[in-house]
2 protein chains.
Amino acid sequence: MKTNEYDTYSCPVGKTIGLISGRWKPIILYLIQHDINRFGLLQKRMPKISRKVLTEQLRDLENQGLIDREVRVSSYPQEVFYSLTEKGSSLRMLIDQIFNWGTVNILDEPSRKMAVDLLIDHH
Amino acid sequence: MKTNEYDTYSCPVGKTIGLISGRWKPIILYLIQHDINRFGLLQKRMPKISRKVLTEQLRDLENQGLIDREVRVSSYPQEVFYSLTEKGSSLRMLIDQIFNWGTVNILDEPSRKMAVDLLIDHH
DNA sequence: TCAAGAAGTTACCAAACAGTAACTACCAAT
DNA sequence: ATTGGTAGTTACTGTTTGGTAACTTCTTGA
């Protein structure tokens, strides 16, 4: 057997995790998917994020082709809308699986309930 | 609808990604799963990792209950064996899905071939 | 008794990442 | 001309993470 050499930086797992590493990225993708799609709305849901970091993470996600950024100049004040690209949407499905694994394997029962309560559109 | 507040540090996605964030953790889990289970063997497959960092990451994985560490004093020189716990093994399955997503969505064709070549036990 | 192999530990340094606070740009209504 | 709202940017700081190089421990065979 060959003794192949491994390095995260050339591995699809490392690259994929790189897309969503950054303290807020999975949440941002989640919120955008659920039409919390404006800069200010995102800030309201993540009160602990700063504008600077929110901007950075949105730019990262945009550069990686996971979200689209649309400026509407028509209205006042000028508004910016974010939406998932197809790639971003397929990544969201993967993140759902991560969510499920984590919910079962890491959280205790009270946390599990809280996590489920935070899901948008669940009844 | 309540305007719930979100933070990665209390989210199962963030916690799960936290388990495998660290430049080498997905690879370490992968190699241990395939019986590359000794400190020295792991180093041979990851020539760019330092002993210090390898130790750190192994300790993290152990503390999170993803791997077991067994010291065999019987033989000479003293040997340390690592193995996946059940939890570690179930996480590996999740990592496989991340691998598949990344292979399809990030890598170009030559990288895809290389990634597949690096898989252990594939034919 | 000492050399050698496995598996670390320690001290120290550099880069990446996250955070705060203050400042900017644009535009429309008054 | 000034205010108010959205969406940023900039300068600066602190924390976390990863990296190098040298040192340590344990053991046994020569």
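All heavy atoms count here, side chains included; hydrogens, waters and symmetry mates do not. Lettering follows sequence order; numbering is per chain, from 1.
For the pair B/Ile28 CD1 and D/dG18 P, the interatomic distance rounds to 10 Å; values are reported in whole Å. In this entry the distance linking CG of B/Asp7 with C1' of C/dA18 reads 12 Å, nearest Å. Atom NZ in B/Lys44 sits about 7 Å away from atom P in C/dA6, given to the nearest Å. Summarising the geometry, the separation between CD on A/Glu62 and P on D/dG8 is reported as 9 Å, rounded to the nearest angstrom. One atom, CD1 of B/Ile27, and another, P of D/dG18, lie 13 Å apart when rounded to the nearest Å. Distance CZ (B/Arg72) to P (D/dT27): 17 Å, rounded to an integer number of Å. Going from atom CD of B/Gln43 over to atom P of D/dT20 covers 12 Å, rounded to whole Å. Distance CG (A/Leu58) to P (C/dA18): 13 Å, rounded to an integer number of Å.
Residues A/Arg45 and B/Glu5 are not paired through a salt bridge, judged by the lack of any N-O separation under 4.0 Å between the basic side chain and the carboxylate. Using a 4.0 Å cut-off between a side-chain N of Lys or Arg and a carboxylate O of Asp or Glu, B/Asp96 and B/Arg92 qualify as a salt bridge.
Expressed to the nearest 0.5 Å, how far NZ of A/Lys25 lies from CG of A/Leu91 amounts to 11.0 Å. How far CD of B/Gln64 is from CD1 of B/Ile20: 10.0 Å, rounded to the nearest 0.5 Å.
Each of A/Ile49 and A/Val73 was assigned the nucleotide of DNA chain C with the nearest heavy atom; the assignment lying further toward the 5' end belongs to A/Ile49. Each of A/Ser21 and A/Ser75 lies near DNA chain C, and the nucleotide nearest A/Ser21 is the one positioned closer to the 5' end. Of the two residues near DNA chain D, A/Arg59 and A/Tyr76, the one whose nearest nucleotide lies more 5' is A/Tyr76. Comparing A/Tyr9 and A/Arg69 against DNA chain D, the residue whose closest nucleotide sits nearer the 5' end is A/Arg69.
Comparing D/dA22, D/dG18, C/dG19 by their closest approach to the side chain of B/Arg51 singles out D/dA22. For A/Thr55, the listed nucleotide lying nearest its side chain is D/dT9; candidates were C/dT20, D/dT6, D/dT9. For B/Phe39, counting side-chain heavy atoms from C-beta on, the closest listed nucleotide (C/dT20, D/dG19, C/dA7) is C/dA7. Closest contact between the side chain of B/Gln78 and the listed nucleotides C/dA18, D/dG8, D/dC26 involves D/dC26. Considering only the side chain of A/Lys52, C/dG19 comes nearest among D/dG8, C/dG8, C/dG19.
Between B/Trp24 and D/dG19 there is a side-chain polar atom (N or O) within less than 4.0 angstrom of OP1 or OP2. Side-chain nitrogen and oxygen atoms of B/Arg38 include none within less than 4.0 Å of the OP1 or OP2 phosphate oxygen of C/dA6. OP1 or OP2 of D/dG18 lies within a sub-4.0 Å distance of a side-chain N or O belonging to B/Gln57.
Residue A/Phe81 is out of contact with every strand shown, counting any heavy-atom pair closer than 4.0 Å.
The two residues B/Arg112 and B/Leu107 make their nearest non-hydrogen contact at NH1-O, 3.2 Å.
A/Ile95 and A/Ile106 fall within the same hydrophobic cluster, where Ile, Leu, Val, Met, Phe, Trp and Tyr residues are linked whenever their side-chain heavy atoms come under 4.5 Å apart, directly or through other members.
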